Peer 1: 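One structure, as C-alpha cells, below. Some questions next.
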Amino acid sequence: MDLQKKPALILQLKSIIQSHKNQSLLLRDLEKEVGFVQKWNFMAVIERYPSMFYVGGGNRMPPFVSLTERAEKIAQGEAKVRMLMEPILVKNLRKLLMLSVDCQIPLEKIEFIGSGLGLPANFKNTLIPKYPEFFSVNNVNGRDCLRLEHWDSSLAVTAREERLAREGFLDSNVGQEKVKISKDGNYAGPFAFRLSYPAGFRPNTGYLASVEKWQRLEFPSPYLNARRFEVTDHKARKRVVAVLHELLSLTMEKRMTYSQLDAFHSEYLLPSRLVICLIKHQGIFYLTNKGARGTVFLKEAYDGSNLLEKCPLLLFNDKFMELCGRRATSSCVTR
C-alpha cells in the first residue's frame, strides 16, 4: 500500500465509522463500504493503529471496529472546526467558479476535487442551499452544474498577488528598474512568481536571462475570461501558469493530482500538453513521477516537506495523525 495514502485511509475510515448511528462498523460490512480490493488496505490500517481504532466482538457478537476513547475525544471538536471552515469553503468555491470561462462547473468535477478543497461529502445538499445569493445548481446538457450567482471583484485577487501586497511589491512600478534577478531566478516584481529549485541546480547565464525575461513579462489576471486571449500569445501562456498556481492555492494542501487538473481543461482552457507546461515551470511546481496518478505541488507553499500554512481542518486532522504516531497530513519532498 502506498505510504502516502495511509493518512487518507485513516481519515476515511474515521468518517465511515462516524456515519453509522452506533458509531461502529461491523467488519463484515467493510467491503460494502469500500469495495473488495480496498477492504484489505483498511484492514491493514485497523491492525496498524490500535490507538485510533478499537476492534471488539466475540461471544456470539460479530466483530466490529469503532474509534478508541482518545480518538472519540478528538472527534468531538469536529463540529466547531466545520463551522470555522465554512466561510473559507464558500469563498474558495466562489473563486473557483470565477476562474472558469462560464462561471459554472459540473458538480461531478467539484466532487472529484472536493476532499482536497475540504468540502464535506454531501456539500451539494448541506452547503450550497445555504448560500442562494452566491450559488445555484442548473442542469446544462444533462449535467448538474454549480453556477456563480454574483461576481465579487474583491475576490478576483490571486494568492500570488496577496503575497506580493503583504510584501509591498504589488505596485506595478516596483521591480521594473534597478532590481536584479537573483541566481535562483527570483526578484521582487509585480508579475514575478516565487521560484525554488533543487539544491544541486546550477542555472547558466542563458537560462537566468530567459527566466528574467519571463519574470518581468506582464500578463492578464487569471480572473479575466480566458476566451479573450490568444493561446499563442506569450502573456496568455504566462497567465495559464497563474491559473494553475491559483487552482493549487485554493486547495487545502496546495496540491492536485494530474487527473484532477486534467479534468478542468474545458472550464479553464488549460493547454493540451499540460504536463509539459508544468515541467517547464519546475521552479514553481513540483511533480511526482507517477504518470497520470502523479501529483502536482505548489512549491512555495512548502518548506522542504512541511506545508507552511494550514487551514483549521488540516490542523484538526493532524491530531488524529499524532494519535497514530504519524507525521502531519500534509507533506511532500520539494527539494
Side-chain angles (χ1 to χ4, degrees), residues 1-13 15 34 37-38 41-42 45 89 92 95-96 99 105 108-119 121 158-160 193-199 201 222 240-268 270-311 313-315 317-318 320-321 324 326-335:
M1 178 170 48
D2 189 337
L3 292 177
Q4 290 186 339
K5 293 183 178 179
K6 282 189 177 180
L9 291 176
I10 291 170
L11 296 173
Q12 185 179 350
L13 181 57
S15 297
V34 299
V37 176
Q38 278 286 75
N41 287 332
F42 281 97
V45 165
L89 296 176
N92 287 350
K95 289 171 75 74
L96 195 72
L99 284 169
I105 299 175
E108 62 190 30
K109 294 191 178 185
I110 296 178
E111 290 169 349
F112 187 37
I113 63 170
S115 60
L117 296 173
L119 292 170
T158 65
R160 185 193 66 87
F193 288 79
R194 181 171 290 174
L195 307 179
S196 175
Y197 295 101
F201 183 73
V240 168
V241 175
V243 170
L244 294 170
H245 185 287
E246 184 71 352
L247 284 174
L248 293 173
S249 297
L250 292 176
T251 66
M252 291 195 300
E253 298 178 282
K254 318 308 178 192
R255 66 179 183 178
M256 294 173 72
T257 65
Y258 294 152
S259 57
Q260 286 175 329
L261 281 173
D262 195 55
F264 290 90
H265 264 288
S266 58
E267 285 74 24
Y268 301 115
L270 298 178
S272 57
R273 303 172 73 182
L274 180 58
V275 173
I276 293 178
C277 174
L278 293 165
I279 293 174
K280 183 178 180 181
H281 299 285
Q282 59 177 310
I284 302 172
F285 309 111
Y286 173 77
L287 291 72
T288 60
N289 189 24
K290 295 182 180 178
R293 298 186 64 183
T295 303
V296 182
F297 292 83
L298 186 60
K299 278 190 171 184
E300 69 180 58
Y302 286 81
D303 179 15
S305 62
N306 299 312
L307 187 63
L308 292 172
E309 297 180 4
K310 295 187 177 183
C311 66
L313 184 56
L314 284 182
L315 292 172
N317 289 340
D318 282 349
F320 291 106
M321 297 303 104
C324 294
R326 292 186 58 84
R327 293 180 61 184
T329 54
S330 309
S331 64
C332 96
V333 180
T334 60
R335 286 167 171 72

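The figures here come from the full heavy-atom set of this structure, side chains too, leaving out hydrogens, waters and symmetry mates. None of the values given here were measured: they were computed from a predicted structure.
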Peer 1: Side chain of K299, backbone of S196: donor and acceptor closer than 3.5 Å?
Peer 2: yes
Peer 1: Any idea which heavy atoms bring L314 and M252 closest together, and the distance?
Peer 2: CD1-O, 3.5 Å
Peer 1: Which heavy atom of L261 sits nearest to which heavy atom of L270, and what is that distance?
Peer 2: O-CD1, 3.5 Å
Peer 1: Are F193 and V241 side-chain neighbours, meaning at least one heavy-atom pair lies under 4.5 Å?
Peer 2: yes
Peer 1: Test your reading of the model: is there a side-chain donor-acceptor pair from Y268 to the backbone of L247, 3.5 Å cut-off?
Peer 2: no
Peer 1: Looking at CD of E253 and SG of C311, how far apart are the two atoms once the value is rounded to the nearest 0.5 Å?
Peer 2: 8.5 Å
Peer 1: Do R255 and V296 have side chains that get closer than 4.5 Å, going by heavy atoms?
Peer 2: no
Peer 1: When you look at Y258 and L274, which way does the side-chain contact (heavy atoms from CB on, under 4.5 Å) test go after all the steps?
Peer 2: CA-CA 9 Å; Y258 294 152; L274 180 58; over 6 Å; no
Peer 1: Less than 4.5 Å apart, side chain to side chain, heavy atoms only: is that true for K95 and T158?
Peer 2: no
Peer 1: As an exercise, state the distance from CD1 of I113 to CD of E108, rounded to the nearest 0.5 Å.
Peer 2: 12.5 Å
Peer 1: Mind running ring pair (Phe, Tyr, Trp, His ring centres under 6.0 Å) on F285 and F297 for me, showing each step along the way?
Peer 2: CA-CA 6 Å; F285 309 111; F297 292 83; over 10 Å; no
Peer 1: Name all residues meeting the side chain to side chain contact (heavy atoms under 4.5 Å, CB included) criterion together with Q282; count only those two or more places apart in sequence or in a different chain, and write none if there are none.
Peer 2: Y197
Peer 1: Look at R160 together with E300 and state whether they make a salt bridge at an N to O cut-off of under 4.0 Å.
Peer 2: no
Peer 1: Partners of E111 by salt bridge (Lys or Arg N to Asp or Glu O under 4.0 Å), sequence neighbours excluded?
Peer 2: none
Peer 1: Within the 4.5 Å heavy-atom criterion, are Y286 and L298 side-chain neighbours or not?
Peer 2: no
Peer 1: Between L248 and M256, which heavy-atom pair has the shortest distance, and what is it?
Peer 2: CD2-N, 3.6 Å
Peer 1: Grab the two heavy atoms, one from P271 and one from V240, that are nearest each other, plus how far apart they are.
Peer 2: CD-CG1, 3.4 Å
Peer 1: Keeping the roles fixed (side chain from S15, backbone from L11), state whether a donor-acceptor pair exists under 3.5 Å.
Peer 2: yes
Peer 1: Closest heavy-atom contact between L250 and L117?
Peer 2: O-CD2, 3.6 Å
Peer 1: About how many Å separate NE2 of H265 and OG of S272, when rounded to the nearest 0.5 Å?
Peer 2: 7.0 Å
Peer 1: Keeping Q260 on the side-chain end and T257 on the backbone end, is there a donor-acceptor pair under 3.5 Å?
Peer 2: yes
Peer 1: Hey, is the main chain of S249 close enough, under 3.5 Å, to the side chain of K254 for a donor-acceptor pair?
Peer 2: yes
Peer 1: What's the separation between atom CG in L195 and atom CD1 in I284, rounded to the nearest 0.5 Å?
Peer 2: 5.5 Å
Peer 1: Strictly distance-based, threshold 3.5 Å: is any side-chain N or O of K310 a donor or acceptor partner for the main-chain N or O of L307?
Peer 2: no
Peer 1: Looking only at heavy atoms, what is the nearest atom pair of L99 and E246, with distance?
Peer 2: CD1-CG, 3.8 Å
Peer 1: Tell me, please, which residues at least two apart from A263 pass side chain to side chain contact (heavy atoms under 4.5 Å, CB included).
Peer 2: F112
Peer 1: Taking the side chain as every heavy atom from C-beta outward, state whether V275 and D262 have any pair of such atoms under 4.5 Å apart.
Peer 2: no
